[in-house]
Amino acid sequence: MRENDKPKPSISFIEQFIAEDLKEGNNGRPVHTRFPPEPNGYLHIGHAKAICLSFGMAQKYGGKCNLRFDDTNPVKEEVEYVDAIKDDIHWLGFDWEEREYYASDYFARLFDFAVELIKKNLAYVDDQTAAVISTQKGTPSQPGQESPFRKREVDENLDLFYRMNKGEFDEGSHVLRAKIDMTSPNMHLRDPIIYRIITSSHHRTGSKWMVYPMYDFAHGQSDYFEGITHSLCTLEFEVHRPLYDWFIDQLKTSDYRPRQIEFNRLNLTYTVMSKRKLLDLVREEKVNGWDDPRMPTLCGLRRRGYTPESIKRFIDLIGYTKVEAINDISLLEHTIREDLNIRTPRVFGVLNPLKVIIKNYPEGKVENVELINNPEDETMGKRLVPFCREVYIEHDDFMEVPPHKFFRLAPGTEVRLKGAYIIKCEGFKKNEKTGEIEEVYCTYDPETRSGGNTLDKKVKGTLHWVSAKHAVDAEVRLYDRLFSHEDPSGQKCADFREFLNPESLKTLTGCKVEPSLKSAMPLEKFQFQRLGYFCVDYDSTETNLVFNRTVPLKDTWAKINK
RNA sequence: UGUCCCGUGGUGUAAUUGGCAACACGUCUGAUUCUGGAUCAGAAGAGUUCAAGUUCGAGACUUGACGGGACAACCA
C-alpha cells in the first residue's frame with residue numbers, strides 16, 4: 001500500500017553519481033547531458049543504449065540533453081549520416097529541441113584555446129613523421145622519449161601553428177602536441193597530438209580550416225562550452241579521462257566542470273556492433289544496405305518490425321554497469337514479442353500452402369466467419385474472414401505418418417480450422433515421383449461451427465487457414481541470426497566474416513494471406529497466428545505484398561521435435 | 001613486465017551502503033485455452049574467482065593472488 005512497501009527500484013551507479021552530485025549542488029546547474037555521435041555511419045542498438053541513458057537522465061532529473069555531432073574528422077563524415085542519425089533518435093522517441101550542435105561549431109574557440117596553450121608553453125609543433133612520433137611514445141610498459149621539438153620557442157610554435165592552418169604545409173608534416181609528460185604510465189598523457197593538418201573539405205565548414213582538433217582536444221572542451229554537467233560515454237574512454245580533466249583544468253574559470261562517467265557498451269550475441277564492421281558488411285554487400293533487417297542498426301531493426309518501446313525495454317532490462325558483458329539477443333526477442341503481443345492484430349497467413357478440399361462442403365458457398373483481432377485487447381475488435389470449400393493450410397500441419405504427440409492433421413485425425421469447423425482427414429493426393437503431398441481431402445462437421453455452444457466435441461489441434469478462392473499472394477522474408485557464432489568478432493584466429501550465417505535470409509514466395517491484408521502499409525505489424533510477428537516491408541507494392549518476419553513465436557512443438 | 005577498470009545462478013542485473021543473496025530472461029513441471037503462442041501456478045539452479053585480514057557479522061572494507069578487459073591511430 002505504502003510506497004515503502006515496494007522494493008525500491010535500483011538505480012545504476014551512474015544515476016547514483018548524478019543523484020549525489022545534485023545533492024551537493026552540481027555547481028548550481030540542473031543535469032545537462034549530451035549524445036555525441038560521429039556522423040560516419042548509422043546508429044545501432046548500442047547507440048540506443050547511450051541515447052536512453054543521456055536523454056533518460058536529463059528527462060528524469062528535469063535537465064536537458066544536447067545532440068552534438070562529433071565532426072572533427074572530415075575525411076570520414078558525411079551529411080547523409082547526420083540526417084539518418086536525427087531520424088533514428090526521433091524514432092526512438094527522444095528530442096533535443098533546438099540544441100543541435102556540432103563540434104565544428106567550436107573550431108574557432110578550440111583554435112584559440114590551442115593558441116593559448118602554446119602561449120602558456122603547454123603545446124608545441126612537432127615536425128616529425130607519424131612513425132617517429134609513435135616510436136618515441138614508447139609502449140604501455142616503457143616510458144616515452146621527448147621529441148627534439150619539445151623545447152621549441154613559443155613564438156616559433158605560434159608562427160608554425162598559424163602557418164599550418166594557412167595551408168603552407170602538407171598533411172602529416174606537422175602536428176600540434178600538448179606538453180604533458182612523456183613518461184606517464186598513461187599513454188594518453190605522453191604529449192598527445194591535439195591538432196593535425198587535413199586538406200579534405202569538411203561537410204559543414206568546407207575548406208575554411210586546414211587544421212582539425214583531435215577527439216581528445218574537442219570532446220571535453222565542447223562539453224565545457226555547452227555547460228554539460230555529466231558526460232556519459234563507454235568504458236574504453238576511461239583511460240582518456242585524465243586527459244579530459246587536464247584540458248578542463250586549463251580551460252575552466254570557475255568551479256564548474258563537466259564530469260565524464262563511463263559505462264559498459266552493449267554487446268549482443270550473434271551479431272557485430274562496430275561501425276567499421278557494419279560498414280564492411282554494407283560495402284561488401286553481405287547485407288542489403290544499412291537498413292537490412294538483419295542489421296543491428298536502428299533503421300534495420302525498424303524495418304525488421306522492432307518497436308522503439310521494445311528496444312527501450314530491452315535496454316532497461318540489461319542496465320548500465322562497468323562489467324563488459326555480452327547480452328543474449330534472445331532477451332531482445334523476448335521484449336519485442338512482449339510488446340507485439342499486446343499491440344498487433346492476429347491474422348492468418350500460410351507460408352507453405354497445402355490445399356485442403358472439404359468434400360462435403362457445398363461448392364460455391366462462402367461463409368464469413370468472425371475472428372477476434374487480439375485476445376489481449378478487446379478494443380481491437382473483430383473481423384470477418386471468408387471460408388469456403390477449398391482452403392490452404394500450412395504444409396507442416398499435415399503428416400502422412402505422424403510421429404507421437406502430433407496434434408495436427410493426419411489421415412483419419414480431426415482438427416479445428418480456427419474460427420470455422422472441425423474437419424477430418426479422409427485422404428490425400430501424393431505425387432508418386434517426388435513423394436510430395438499435393439492435396440488433402442477432408443470432410444467437415446457442420447455442427448462444429450465456432451461460436452456454437454452445444455458442442456463438446458474436442459480436438460487437440462487448431463490450425464490457421466486461408467480460403468483458396470480469396471487468398472492474397474505474398475512474399476515473406478524469413479530472417480535468422482546474421483552470424484552462426486555467438487561472438488563472431490571475438491575470435492582471434494578467424495575473421496568475423498567467416499561466421500556469417502548463410503541461412504540468415506530465406507525468401508518465400510507464393511505464400512497465402514487472408515484478404516484483409518491486401519492493403520497493408522509498410523511497417524504495419526501483425527501476428528500471423530501460430531507463426532510469429534510480421535511487418536510489411538518497404539519493398540511491398542499493391543501487386544506484390546512483402547512481409548518481413550520480425551520474430552517467430554516460441555514453438556514448443558519444434559522443441560519436442562528435436 | 002607498467003597504469004587503469006572489472007570478476008555475484010546458464011545469461012543479464014539487484015542487494016536499502018556491513019545483517020544469513022533478490023529480480024528478469026532462459027530451463028523444467030503442471031493447469032488452462034479454438035494460436036503446441038499468450039496467460040496462470042510451481043520447481044530446479046549461485047553462497048558471490050581464490051586466500052588471508054578487520055568485524056559479533058563481509059558479496060560489500062583491507063591486502064595479496066588468479067582470471068578477463070582497456071591503453072602504444074596525425075580515428076572517435
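Since the structure is predicted, the reported quantities are computational estimates derived from the model, not experimental observations.
Inter-residue side-chain proximity for A/Arg416 and A/Ile423 is flagged as unmet; no heavy-atom pair is nearer than 4.5 Å.
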Quick tally for nucleotides 35-46 of chain B: nucleotides whose base has a protein heavy atom under 4.0 Å get B, sugar-phosphate-only ones S, the rest -, giving BBBS--------
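Applying the 4.0 Å criterion to OP1 and OP2 of B/C25, one finds that A/Asn327 has every side-chain N and O outside that range. Within the structure, every side-chain polar atom (N or O) of A/Ser12 is placed at least 4.0 Å from both OP1 and OP2 of B/U13. Residue A/Ser134 places none of its side-chain N or O atoms closer than 4.0 Å to OP1 or OP2 of B/C74. Checking the phosphate oxygens (OP1, OP2) of B/C28, a side-chain nitrogen or oxygen of A/Lys559 falls inside 4.0 Å.
Between the P atoms of B/A73 and B/A15, the separation comes to 38 Å (whole Å). Remark: the separation of the C1' atoms in B/G59 and B/A22 is 13 Å, to the nearest Å. Remark: the separation of the P atoms in B/G26 and B/U32 is 23 Å, to the nearest Å. For the P atom pair drawn from B/U16 and B/U3, the interatomic distance equals 32 Å after rounding to whole Å. Taking atom P on both nucleotides, B/C6 is separated from B/A24 by 28 Å, rounded to a whole Å.
Counting only Watson-Crick and G-U wobble pairs whose two key distances fall under 3.5 Å, RNA chain B forms stems of three or more stacked pairs at B:2-7 with B:66-71, B:10-13 with B:22-25, B:27-31 with B:39-43, B:49-53 with B:61-65.
Both the sub-6.0 Å distance and the 45° axial angle are satisfied by A/Lys277 relative to the ring of A/Phe496. By the 6.0 Å and 45° rule, A/Arg204 stacks over the aromatic ring of A/Tyr102.
One atom, CD1 of A/Ile326, and another, P of B/G7, lie 18 Å apart when rounded to the nearest Å. Here the P atom of nucleotide B/A76 and the OH atom of A/Tyr42 are 21 Å apart, to the nearest Å.
A donor-acceptor pair under 3.5 Å is formed between the side chain of A/His44 and the backbone N or O of A/Met273.
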